[in-house]
Structures are given as structure tokens and as C-alpha cells.
Asks: 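Take this structure, written in C-alpha cells, and hold onto it; I'll ask about it next.
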Amino acid sequence: MRTRFLFNLFPARTKAGVKTSLFFISAAGVAALVDNPDSLRLPSPPHATDFPFLYGAVRSSRALFTIASTVVDYKYSLHYLPEKSDEYRNVLSEVHLRSAKRILKLCEFNRGFYVKAGQFVAALRQVPKEYSSTLSSLQDQTAPCRFKAIKELLVSNFGRDLSEIFISFDEQPVAAASIAQVHHAVLNDNQEVAVKVQYPGLEKQMKYDLATMSLLSRLVTWFFPDYRFGWILSEFEKSISSELDFIQEAMNSERAAKNLRSNSFVRVPRVFWDLTTTKVLTMQYCKGQKVDDLESMKRMGINPAKVAKALSEVVAEMIFIHGFLHGDLHPGNILVSQGQNGFSLVLLDHGICKELDEAFRLNYCQLWKALIFMDSNKIEQIGEQMGVGKYSRYFPVIFTGRTLNSKSPLGRGMSDEEKRTLKRELKSLKMEDISSFMESLPADFLTVLRADGLLRSLISKLGAPQRVRLRAYAKNAFHGLYPKEKSESDISMRAAISKLEMGIKDIQLILLLDTLELLSLMAAFTHSFAKRSKDILVSAGRAIRKFFAQLMSISLI
């Protein structure tokens, strides 16, 4: 029945049609397997080294089946619906949600790089919200490996037994993620350390998974030419390759610590180089709670809004000043602990770090300067330099929540009229436009977009206004345009003058932002006062008319 129904729904009038229909039949036949992944279940990744080929084949098959059923869902559900109709948009949202849940299930069963890919997509604000919200739960995924395999890898990398190095080594991991897990240990000199160990056999698994993801990306594009996800896969492949090298992660960690050394709110764990290899990373053990754990902050007497402000400053400094950015700032990689300033932010997991091109960094600083002053000509000019052309008109919407010609102050969002206008504009955009826009963006832009999306999410969880992010970005964008000092010992008159100018600019910027905020509040108050005054006058007029009516009725009597 199902096969006949699919043939009727998608008639095969051409060779391409026959090919499509046959694909739908095959996909429909295995869709049940996807909806019930237990039928394809093998032991979890920690045991995959026992039979890598079979495990890789099953993981790939499960992924192919999932995407096949998703393609069927989209084609079947949206067939014959007018693209610009409200019904189409409502059904599309429903399919997005079903598909996101299906892919979440795939990531949970396949684990490993699939979880990492799901986390990567969840942090992108350019994907439908149904996907980002559903896949965000993957941030809490854990897949601990058997300690026997972990111990073998440690002994192999250290070249000696663990008892010769550690007084104690906790076999139960304190944290487990998609590619590694972390164990608490105490060295022979009584120093507490965190030992991050990569899961065995990941290189082979990565080849299987990336090849499968590439095939799936081409498959989706074949059925939906306007939906091109090659840019996501390309960025993910770059990030995951660097994340598997723990030597590189250790170097990234030390560079981040050096860049942020003047920020009293930030701590980066020290690396123990004599116990660090490409597959094992030994660091200083730092205690703390996840940055989105509001209950723990409450117990420690830490204000979440202040944490949001400090975190915004850290991210802004990395982007605009140093051009060296932590690319995976999800809650599990940021701890909050008590410190001299009331609290400290501990930055973990520097496996995905991105060095921004210097020309891009300066352009990005200029873009934010233009966004602050709403210089539409400059915004479009920078868009041309970045190769995005006409799509630069959406930069203000993406970053500040305002339209290109908005009259709203920074941080106040859009007026109702601007929202209606933007909604009409966006309705006219097709997926082809969105794909073209994302493909045209420089790779560095995608990195800062992802970091910005993660920061926004954290600020919301901490209950702080997005205004703290905008202020931090504005200040650091201005600082980023000043020439960097050539050395730490540069105390020349020029350096002193430069610092003085920066201080003056800071004051001017703060005054500007505060003035814009004050004007916005005054406008809101004036509008409210005028409305209240009008209501009072109307009420008074009614009372006076009623009084005179009663007076006239008494006179007539």
C-alpha cells in the first residue's frame, strides 16, 4: 500500500522521476528502522574498536536511512503546497521539528563525531530554530569509555605505568564528551591535574563519518538544489581535524592564557607538557560549576548578570583585539568559580580555536563601528569587501537586531513597523538566497557568527539583557582599530598618547551609548506620558460633560 501510495504521490514521468520514485520506495522501506534504531544498534563507541569496519558500516547505514526518511518527509509533506502560503510555512516548521528530532536520535545513537556535528549545527543561528533548539541538548551528551582501554592508551603514551606518575587516578571520568573524556588525578608531587584522554580509534572513525556526511550533504543538495550545506561540512571538517591534536590544543590554551592575562576574571588551566601528547592532555585541575548553572551561582552568591558581562568582555576581546577566538564556547567549556573579584571564568577545551585573518579582524572592527553609528553606506561598503554584496543589508539585523535604516537606538530592537517591513522582505527570500549568502561569507565570518550565537544563548540563560554584549562589542571594536604595541616594553611617548586617546574614546563611546539609551527611555516615557495625559483628559472631559448634564437636568426641574 505504501509503495503504491508513494508512486501516486510522486509520479515517475521521466527517467529522473523514476529514479526519484525508486529512491522514495527504498527510503520508505527502511524508515521504520530509523524510527526504531534499536534494530540497528551495536555497542557504543568505546567498544567500537573490537570490530571497526562493521561498526563504521552500521553507523553509516543508520545515517543514510535517517537522511533518506527526512528527504521523504520534506518531499511528501510540502508537495503541491504554494511556497509563499501560510500553510506551507506552518507545515515546513512541523517538518523541521520532526527532522530535527530524527537527527537528534541519530546523533545520540552514533555518538562520536555525530554528536560533535550536532553541537556544531546547534550553535549556528543560520539554521532553522527548530534544529538549533532541538540539537542544543547534545551539549550534555556523555559517552564514557571503558577504563581498560583508557589505561592502555595512557601507558602507551606515557611509556610507563600510571603508578609511577600518579598518587591516585580516578577511573571514573569527571567529564565525558564526543571525542575524549577527562579524569581527575594527583601527581607524585601532590598537584591535582585533569587528564584528558582521546577515545581509541577515532582517526579511522573520523574517515568513515566525514565520508558519510559528505555523501549525505550531496544527497540533500541533489534533491533540494537550493539547500546547500557544503559550507557547514567544510567548516566542521576543519575544526574537528584540529581538535584531534592535543598538542595543538595545549598550544592554543597557552596562547589564550597569554592573550587574556590582563583580564582578572579569566583563568586558563596550566599545561603539564611532560605529560601531554597528541592523544593525552594533562592540565591543572580547576574546580567550578557550568556557566549556566544558576542554582550553583545563587549558592555561591554570584550575580549571573555580572558573569554575563564578564563573559561578553572576554569574547569581545578575543575577537576584536587578539583575533584569536575560542570556537566552542558552550556551557560545558566554561566554569564559574569563586575568585578575588567575586568569581572567575575558567575557559576549558581549546581544541577548536581560530586565528582570524588580520584584514578580516580590522574589517570586522570597522563593521561594528558602522553598526553602532548606523552608517549604512559604510556597512554596504564592508559587505562588498567581504564578498556578500546585497546581503550586507542584513548585517544590522544579524548582529544588533535593527534594520539597515532603523531609527531605534542600539540595544532597543526594532519598532513594530520595522518588524512588519522586515517580515515582508524575508518572505520574499528563498533558500537559494540564504545558501548563496552563507557560501559567500569568509570562513572567519562563520567562526565569529558561531561564537556570537553561543554567547547570545548564554546571556539569555543568565537572564541578562543583550545590551551587555553590544556594549562589550562596541568598546572592543574601537580598541581593535588602534595599532597594537610592538612589545610589552613599549613605554614610549607614542604608546602613552595612544593609551590616552583610547581612554578618551572609551569615555566618548560610553557617553554615546548612555545617551542613546537615555533618549530611548525618554522617548518611551514621553509616549507613555502623552498616552496617560490623553486618557486623563478624555476621562476629565467625560466627567465634566456628565456634571453639566446633571446640572442642566436640575435646572430644568
Side-chain angles (χ1 to χ4, degrees), residues 119 123 133 136-137 139-142 170 172-177 182-186 190-194 196 253 256-271 283-319 321 325-326 328-350 411 451-476 506 510 513-514 517 521:
Q119 293 172 348
S133 60
S136 63
S137 65
Q139 303 295 2
D140 300 321
Q141 287 292 309
T142 57
D170 193 347
Q172 188 66 29
V174 294
V182 180
H183 292 261
H184 174 257
V186 180
N190 291 313
Q191 292 189 82
E192 285 188 278
V193 293
K196 183 177 179 180
S253 179
K258 182 179 179 182
N259 287 345
L260 300 169
R261 64 189 179 280
S262 61
N263 191 318
S264 58
F265 285 102
V266 179
R267 292 171 60 199
V268 178
R270 179 167 63 90
V271 176
M283 305 159 287
Q284 172 190 7
Y285 183 77
C286 295
K287 296 180 181 179
Q289 303 298 323
K290 289 172 64 174
V291 71
D292 60 348
D293 189 344
L294 299 180
E295 286 299 319
S296 294
M297 284 188 216
K298 187 178 180 180
R299 287 196 299 271
M300 292 187 287
I302 297 173
N303 186 342
K306 290 184 178 180
V307 172
K309 183 177 182 297
L311 184 59
S312 298
E313 289 286 348
V314 172
V315 175
E317 183 180 343
M318 287 192 288
I319 295 173
I321 307 298
L325 177 62
H326 191 306
D328 200 16
L329 289 169
H330 65 75
N333 287 338
I334 309 169
L335 302 182
V336 178
S337 61
Q338 291 177 317
Q340 293 181 345
N341 298 309
F343 67 89
S344 293
L345 295 172
V346 182
L347 300 186
L348 306 173
D349 196 351
H350 293 77
D452 186 60
L454 288 167
L455 177 61
R456 288 193 195 203
S457 175
L458 285 173
I459 290 173
S460 296
K461 289 179 180 178
L462 292 167
Q466 291 295 328
R467 190 165 57 251
V468 299
R469 162 185 155 274
L470 296 174
R471 279 176 172 267
Y473 278 22
K475 183 184 77 173
N476 284 276
D506 277 352
I510 291 169
L513 295 174
D514 287 342
E517 181 69 15
L521 291 173

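Keep in mind that what you see is a predicted model, and the values were worked out from it rather than measured. The basis for the numbers below is simple: all heavy atoms, side chains too, and nothing from hydrogens, waters or symmetry mates.
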Asks: Hey, does I319 have a side-chain heavy atom less than 4.5 Å from the side chain of D452?
Replies: no
Asks: In the structure I gave you, are the side-chain heavy atoms of E192 and H184 within less than 4.5 Å of one another anywhere?
Replies: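 When only atoms from C-beta onward are counted, H184 and E192 do touch, with a gap below 4.5 Å.
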Asks: Measuring from atom CZ of R267 to atom CG of L347, what distance do you get when rounded to the nearest 0.5 angstrom?
Replies: 10.5 Å
Asks: Check for a donor-acceptor pair, side chain of D328 on one end and backbone N or O of D349 on the other, with a separation under 3.5 Å.
Replies: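 Absent.
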Asks: Among V336, L455, V266, L329, which residue satisfies the side chain to side chain contact (heavy atoms under 4.5 Å, CB included) criterion with L311?
Replies: L455
Asks: Please answer whether the main-chain N or O of V468 pairs with a side-chain N or O of R471 as donor and acceptor at a distance below 3.5 Å.
Replies: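 No, the answer is negative, given that no donor and acceptor are paired below the 3.5 Å cut-off.
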Asks: Contact between Q191 and R270 at the side-chain level, heavy atoms closer than 4.5 Å - yes or no?
Replies: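 SC-SC contact between Q191 and R270 confirmed.
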Asks: For residues A316 and N476, report the shortest heavy-atom separation together with the two atoms involved.
Replies: CB-ND2, 3.5 Å
Asks: Minimum heavy-atom separation for A305 and A464, please, with both atom names.
Replies: CA-CB, 4.2 Å
Asks: Are any side-chain N or O atoms of Q338 and backbone N or O atoms of M300, one a donor and one an acceptor, separated by less than 3.5 Å?
Replies: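 It does hold such a pair.
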Asks: Please give me the minimum heavy-atom distance between V346 and S337, naming the atom from each residue.
Replies: CG2-OG, 4.0 Å
Asks: Whether the side chain of S457 engages the backbone of G453 through a donor-acceptor N/O pair (distance < 3.5 Å, no angle test) should be reported.
Replies: no
Asks: Minimum heavy-atom separation for A257 to V268, with atom names?
Replies: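 Heavy-atom minimum between the residues: CB-CB, 3.8 Å.
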Asks: Shortest non-hydrogen contact from S253 to P269?
Replies: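 It is OG-O, 3.7 Å.
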Asks: Out of curiosity, F265 CZ to K309 NZ, how far, rounded to the nearest 0.5 Å?
Replies: 7.5 Å
Asks: Should L260 and E317 count as side-chain neighbours, where that means a heavy-atom distance under 4.5 Å?
Replies: yes
Asks: With heavy-atom distances below 4.5 Å as the criterion, would you say the side chains of K475 and E313 are in contact?
Replies: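 The answer is yes; the side chains approach within 4.5 Å.
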Asks: Taking the side chain as every heavy atom from C-beta outward, state whether I334 and L348 have any pair of such atoms under 4.5 Å apart.
Replies: no
Asks: Would you mind reporting whether P173 and V182 have side-chain heavy atoms less than 4.5 Å apart?
Replies: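 Not touching, per the 4.5 Å side-chain cut-off.
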Asks: Please confirm whether the backbone N or O of R456 pairs with a side-chain atom of Q466, one donor and one acceptor, at under 3.5 Å?
Replies: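 Looks like yes, one N/O pair under 3.5 Å.
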Asks: Evaluate the side-chain proximity of V314 to H326: yes if any heavy-atom separation is below 4.5 Å, no if none is.
Replies: no
